[in-house]
Amino acid sequence: MTRRFQTGVMVLALAAVAVGPVMGGVAWAGKKSTIKAVVNDAKFKVNRKPGATAAGGSYESLTGALDIVGGSAKLSGRGLNTTVELKVLSLSLLVPNLDTATFPLTVPVDLTTFSRLVNRGGTPVSTDIWGGEGVTLTITSYKNGRLKATFAGTIPPAGDTVGDAIVEKGKLSVLLNALAI
């Protein structure tokens with residue numbers, strides 16, 4: 001994958017996180033979705049109401065396509081020394097008959113992506129992207145449009161990133177079916 005393609009994928013993923021809740025309207029009002037995990041010994045946590053950095057997802061019952069995305073941004077410093085760290089995690093998999101499934105239900109994730117982009121003073125410092133198979137999701141409940149699950153595994157590196165991303169202690173509670181890009 002080229003850097004331009006990787007950057008485009010990350011921009012689209014972040015746009016889905018930011019725009020999906022807005023387009024979802026009333027279904028998102030007052031609801032809080034969370035995603036927590038430890039990725040390569042560093043905490044990833046999205047625990048906010050939907051907005052520019054949030055968590056959400058969609059489920060299409062006809063195809064069984066389940067997509068979950070969460071992103072967070074962290075700012076530090078001031079002026080030209082401002083550092084921005086953006087993290088995005090997405091899980092895409094097929095879960096036929098989620099409405100009638102028996103829980104807990106353990107399924108392999110077809111595509112897990114995790115990216116960590118760091119920019120300091122307007123200059124890229126690092127871009128790490130992982131993407132592929134290797135994570136397993138255990139759905140513990142699905143009720144009133146809210147999916148609760150745990151996840152863990154290994155994500156292979158993409159592009160110039162070196163080494164696998166180890167995902168541990170993953171836990172999510174996400175409101176599904178807001179419109180996404």
Side-chain angles (χ1 to χ4, degrees), residues 1-21 33-48 50-58 63 65-95 106-138 147 149-172 174 178 180-181:
M1 278 191 266
T2 66
R3 267 294 174 216
R4 178 179 257 173
F5 175 75
Q6 292 170 348
T7 302
V9 168
M10 290 302 103
V11 168
L12 286 175
L14 186 57
V17 170
V19 177
S33 293
T34 62
I35 299 176
K36 298 176 185 179
V38 175
V39 181
N40 285 347
D41 297 323
K43 290 182 181 179
F44 173 78
K45 180 179 178 182
V46 180
N47 188 15
R48 299 179 182 97
T53 58
S58 65
T63 62
L66 174 62
D67 295 297
I68 300 165
V69 133
S72 69
K74 179 180 173 183
L75 297 171
S76 60
R78 294 177 181 252
L80 294 176
N81 292 322
T82 300
T83 299
V84 178
E85 179 183 40
L86 174 65
K87 295 179 184 177
V88 177
L89 174 72
S90 69
L91 306 154
S92 296
L93 59 150
L94 293 177
V95 184
T106 301
V107 289
V109 179
D110 298 318
L111 176 62
T112 303
T113 59
F114 182 75
S115 64
R116 181 180 173 270
L117 310 169
V118 179
N119 186 306
R120 185 172 299 122
T123 304
V125 174
S126 66
T127 301
D128 297 310
I129 301 172
W130 295 266
E133 297 177 344
V135 170
T136 302
L137 182 79
T138 300
L147 180 90
T150 60
F151 59 97
T154 304
I155 312 169
D160 296 333
T161 301
V162 177
D164 292 341
I166 307 301
V167 180
E168 303 171 294
K169 301 177 185 176
K171 184 176 181 179
L172 60 87
V174 183
I181 294 176

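Scope of the values below: all heavy atoms of this structure, side chains included, with no hydrogens, waters or symmetry mates.
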Given side chains that start at C-beta, do those of [X] and [Y] come closer than 4.5 Å, heavy atoms only?
| X | Y | value |
| --- | --- | --- |
| L89 | F44 | yes |
| S72 | K45 | no |
| V107 | L66 | no |
| W130 | N40 | yes |

Quick one: [atom1] on [X] to [atom2] on [Y], what's the gap to the nearest 0.5 Å?
| X | Y | atom1 | atom2 | value |
| --- | --- | --- | --- | --- |
| D110 | S92 | CG | OG | 8.0 Å |
| L111 | S90 | CG | OG | 6.0 Å |
| I166 | I155 | CD1 | CD1 | 9.0 Å |
| T150 | L137 | OG1 | CG | 7.0 Å |
| L86 | N119 | CG | CG | 10.0 Å |
| R116 | T127 | CZ | OG1 | 10.0 Å |

Among V118, L75, L117, V125, the one residue meeting side chain to side chain contact (heavy atoms under 4.5 Å, CB included) with E85: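 Single pass found, and it is V118.
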V174 and its side chain to side chain contact (heavy atoms under 4.5 Å, CB included) partner, picked from L91, T34, I35, V69: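 Of the listed options, the one satisfying the test is I35.
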Check: T161 side chain, I129 main-chain N or O, donor-acceptor pair, under 3.5 Å: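 At least one qualifying donor-acceptor pair exists.
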K74/T83 under side chain to side chain contact (heavy atoms under 4.5 Å, CB included): CA gap, chis, key distance, verdict: CA-CA 8 Å; K74 179 180 173 183; T83 299; over 6 Å; no
